[in-house]
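Scroll down for the structure; my scribbles are underneath it.
Sequential numbering from 1 along the given sequence is applied to the chain's residues. Just follow the structure's listing: the first ligand is 1, and inside any ligand the first atom is 1.
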Amino acid sequence: MYTQAMDLMAKEGAPSARPLRSAEELKLEERFDARIDDGGFIEAKDWMPDHYRKTLVRQISQHAHSEIVGMLPEGNWVTRAPTLKRKAILLAKIQDEGGHGLYLYAAAETLGTSRDELLGALHSGKAKYSSIFNYPTLTWADVGVIGWLVDGAAIMNQVPLCRCSYAPYARAMIRICREESFHQRQGYDSLLVMMQNGTEAQRAMVQDAVNRWWWPSLMMFGPPDGESTHSAQSMRWGIKRISNDDLRQKFVDATVEQAKVLGVTMPDPDLKWNEERQHCDFGAIDWDEFWRVVGGEGPCNRERLGMRVKAWDDGAWVREAALAHAEKQAQRARQAAA
Ligand SMILES: [Fe+2]
Ligand SMILES: [Fe+2]
């Protein structure tokens, strides 16, 4: 999932004072620009401007962090899934998210930043992850709504990244998107069962979950285009293909129809079809809440980060054992060769 936070951090790293470049560098940059303009891909070993590299490291690592932090709110429900089938689906989904994190960390490493460095930035609170994961999962319906809305928003965000100009990222995204579409469907399916075959209390539980997750999922697309100055550079580089607001609109248009089939209503009295625009109008997003959550003051920021750091610390012995084993094997190979 979850590319939203990237636009935020970039403001700090905007290319203000670029160093003077040599004639050779200028030539390389021209070649790079021409390849991007032709819709070509950049591979790990190709020359690239420093700022392009930094932007990608930040974006891909924030995306990776979001995948693995995103495992936590759903992980809370594994032991409380209502049936064996739902438990198996949820376990598989959470495992997929772990895999997405791994592909993405590997893609970020191709840009020359070590995984330890990337994880260090997450654990120290320096790096961001998608703000959506700082909301609590209060009932089983939240798990379904996360699949439907959060994975659904992630797909909207991520499908254009399959054509991202940095090839290792684009390749990772192709596989990730295939899996995300199953995540979205399993969430929707679980909600549909509750709405169509469930009790009155279950239907109310689904509606309550939709009420709580609707606005945060719209925030997943990041700040409005006007406030996302960095987007222009990312668009120029073919990292970003569609603007935040356009993606958000696409998501609203698609989701409103799905909500009708489900039989839930979105918590937005201004949500209505606009014949002239051929899109759904929707109400104002509470950007103060968004910035508060991004800034660390969401309902679960501390809990999520605390869990991540604990998991990392608890797993230290596994990493140490693997390194000791690798060293022992290398030693044996050296002895055999001697
Ligand atoms: Fe994912
Ligand atoms: Fe997912």
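- Checked against the 6.0 Å centroid threshold, Y105 and H65 count as a close aromatic pair.
- Cation-pi contact between R185 and F182: present, with separation from the ring centre below 6.0 Å and deviation from the ring axis of at most 45°.
- Taking the six-membered ring where the residue is Trp, the centroids of H279 and W273 are separated by 6.0 Å or more.
- One finds an angle of 90° at the Fe ion (ligand 2) between OE1 on E180 and OD2 on D151, to the nearest 10 degrees.
- Geometry at the Fe ion (ligand 2): OE2/E97 and ND1/H183 form an angle of 90°, nearest 10 degrees.
- Residues F251 and F221 place their aromatic rings such that the two centres sit under 6.0 Å apart.
- Taking backbone and side chain together, H100 holds an N, O or S atom under 2.8 Å from the Fe ion (ligand 1).
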